[in-house]
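Report on the following structure.
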There are 2 protein chains.
Amino acid sequence: MVFSNLEFATLVHIMLLLYTEKESEDWLTSDYIAGSVGVNAAVVRREIKKLKQAGLVVSKEGKNGGVKIIPDSEIDLAKIYLANVSDKEEKYNNTNPKCAVGGSINELLEEIYQQTDLEVIQSLQKIKLSSMYKNLKK
Amino acid sequence: MVFSNLEFATLVHIMLLLYTEKESEDWLTSDYIAGSVGVNAAVVRREIKKLKQAGLVVSKEGKNGGVKIIPDSEIDLAKIYLANVSDKEEKYNNTNPKCAVGGSINELLEEIYQQTDLEVIQSLQKIKLSSMYKNLKK
DNA sequence: TTAAACTGTAACATAAATTATTACAGTAAC
DNA sequence: GTTACTGTAATAATTTATGTTACAGTTTAA
């Protein structure tokens, strides 16, 4: 329920791929990544845009170009979550303001959502790409 | 992001309405509830079905029928969350099993999702209808 | 005993969000 | 200058969420 679409899964997948190849000379292409994730290369580039904006990866245009994870980088999943979530807004019902509940519920929910989001972020902060890497099937 | 659609908001709204009317003789009708939430009465009945299955409300058919919150009931939002979430399944990318990351990622994400869901549930357990009721604008 | 007021549910329509696809301008390498 | 990339836009297809209508079945009460 927390992750109701595939965007976060796709972002984590991309980041983990880049992490596994972080020592490589080559930059990973969106075609290659698309083949591992199982989505279209244009989708990969769209998701990578978010990762770039979050400062988690760098890319290079032109021949032999592609994407690389930023060096050093003990990256955790909260950073990836936030890269994904930053633009979106919560939706609320169009409640009846004449009703005591209808007039208050959306503000109450807003607080609650902020709290649950915080919990999720704190939970994801504990999970590093390095530990996911160690848990890959060999 | 945790709550990407209006179902949870609708369920909480319904429960809070029922809570405010818990001392009343009358049963609340789906028409009345629909008017407060701002959705169609059939939608209300669809959501109420989940609440019934979770044992949080009882309903009565026929004239003067409607819905009531179960008596006693120090209900928290985790119960409502679980009423909503129980049927749904997570989705994953159709990853490439020949790739080390593609072959492992979905299992790794599954674990992560279980953990974040648990955090959300624990956070929601702390929020009772009674405290939301107290925070309604008067 | 019949009309009225409900729930429960199905079938279908519409809207919104997500994901896929195609295309191509721009860039860098060789 | 050709090749292999990214970046991005436009648009289509798919999926999910929400809205709407309809009606059978239930209960109440005149």
Side-chain angles (χ1 to χ4, degrees), chain A residues 1-11 13-14 18 21 24-54 57-69 84-85 87-95, chain B residues 1-11 13-14 18 21 24-54 57-69 84-85 87-95:
Chain A
M1 176 77 173
V2 173
F3 300 102
S4 53
N5 61 39
L6 298 171
E7 291 167 13
F8 180 74
T10 301
L11 290 171
H13 191 142
I14 293 170
L18 294 173
E21 299 294 333
S24 163
E25 292 292 293
D26 299 335
W27 301 63
L28 292 194
T29 69
S30 50
D31 259 347
Y32 174 80
I33 294 170
S36 174
V37 180
V39 297
N40 193 281
V43 173
V44 170
R45 293 199 284 268
R46 201 150 56 201
E47 294 305 319
I48 282 172
K49 189 179 187 180
K50 300 177 190 171
L51 297 173
K52 284 184 68 175
Q53 285 170 344
V57 306
V58 289
S59 65
K60 193 172 80 162
E61 292 187 25
K63 191 169 181 185
N64 297 338
V67 189
K68 260 192 181 313
I69 197 169
N84 192 37
V85 92
D87 40 350
K88 305 183 181 180
E89 269 186 45
E90 290 290 349
K91 292 271 173 67
Y92 297 97
N93 280 313
N94 195 358
T95 55
Chain B
M1 177 74 174
V2 173
F3 300 104
S4 52
N5 60 39
L6 299 170
E7 292 167 12
F8 180 74
T10 301
L11 290 171
H13 191 143
I14 294 170
L18 293 173
E21 299 294 334
S24 164
E25 292 290 294
D26 299 334
W27 301 62
L28 292 195
T29 68
S30 51
D31 260 346
Y32 173 80
I33 295 170
S36 174
V37 180
V39 297
N40 194 280
V43 173
V44 169
R45 293 200 284 269
R46 201 148 57 195
E47 295 304 320
I48 282 172
K49 188 179 187 181
K50 299 177 191 172
L51 297 172
K52 286 184 66 176
Q53 285 169 344
V57 306
V58 289
S59 65
K60 193 173 79 162
E61 291 188 25
K63 192 172 181 183
N64 299 339
V67 188
K68 260 194 181 314
I69 196 168
N84 191 38
V85 92
D87 41 352
K88 306 183 180 180
E89 270 187 44
E90 290 290 349
K91 292 272 173 66
Y92 298 97
N93 279 313
N94 196 359
T95 55

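Note that the structure is a prediction, hence the values are computed from the model and not measured.
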Shortest non-hydrogen contact between [X] and [Y], atoms and distance:
X        : Y        : value
Lys68(A) : Ser24(A) : NZ-O, 2.7 Å
Lys50(A) : Glu7(A)  : NZ-OE1, 3.4 Å
Phe8(A)  : Asn5(A)  : N-OD1, 4.3 Å

Euclidean distance, atom [atom1] of residue [X] to atom [atom2] of [N] [Å, nearest integer]:
X        : N       : atom1 : atom2 : result
Asp26(B) : dT27(D) : CG    : P     : 18 Å
Asp31(B) : dA4(C)  : CG    : C1'   : 14 Å
Gln53(B) : dG8(C)  : CD    : C1'   : 12 Å
Glu89(B) : dT15(D) : CD    : C1'   : 15 Å
Leu6(B)  : dA15(C) : CG    : P     : 16 Å
Ile48(B) : dT9(C)  : CD1   : P     : 12 Å
Glu47(A) : dT19(C) : CD    : P     : 8 Å
Leu11(B) : dT18(D) : CG    : C1'   : 14 Å

(request) List the steps, then state whether side chain to side chain contact (heavy atoms under 4.5 Å, CB included) holds for Ile33(A) with Ile48(A). (result) CA-CA 10 Å; Ile33(A) 294 170; Ile48(A) 282 172; 4.1 Å; yes
If the cut-off is 4.0 Å, is [X] near the phosphate of [N], judged by side-chain N/O to OP1 or OP2?
X        : N      : value
Lys52(A) : dT6(D) : no
Lys49(B) : dT7(C) : no
Ser59(B) : dG8(C) : yes

(message) Using a heavy-atom cut-off of 4.0 Å across all strands, would you classify Ser30(A) as base, sugar-phosphate, or nothing?
(response)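 Since only primed, P, OP1 and OP2 atoms lie under 4.0 Å of Ser30(A), the category is sugar-phosphate.
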(message) Using heavy-atom distances to pick each residue's nearest nucleotide on DNA chain D, tell me which of Ser4(A) and Gly66(A) is more 5'.
(response)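 Between the two, 5'-proximity favours Gly66(A).
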(message) side chain to side chain contact (heavy atoms under 4.5 Å, CB included), that's the test. Do Arg46(A) and Val43(A) meet it? Break it down for me.
(response) CA-CA 5 Å; Arg46(A) 201 150 56 201; Val43(A) 173; 3.9 Å; yes
(request) Encode nucleotides 20-30 of chain C as B, S and - characters from 5' to 3', where the letter depends on protein heavy atoms closer than 4.0 Å: B to the base, S only to sugar-phosphate, - to neither. (result) BBBB---BBBS
(request) Answer yes or no: is there a donor N or O on one side and an acceptor on the other, between the side chain of Asn40(B) and the main chain of Ala42(B), under 3.5 Å? (result) yes
(request) Please report the C-alpha distance between Thr10(B) and His13(B) in whole Å, then the side-chain angles of each, then the deciding distance to 0.1 Å, and finally whether the side chain to side chain contact (heavy atoms under 4.5 Å, CB included) criterion is met. (result) CA-CA 5 Å; Thr10(B) 301; His13(B) 191 143; 5.6 Å; no
(message) Which is more 5' along DNA chain C, the nucleotide nearest Val67(B) or the one nearest Asn5(A)? Just name the residue.
(response)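 Final value for this comparison: Val67(B).
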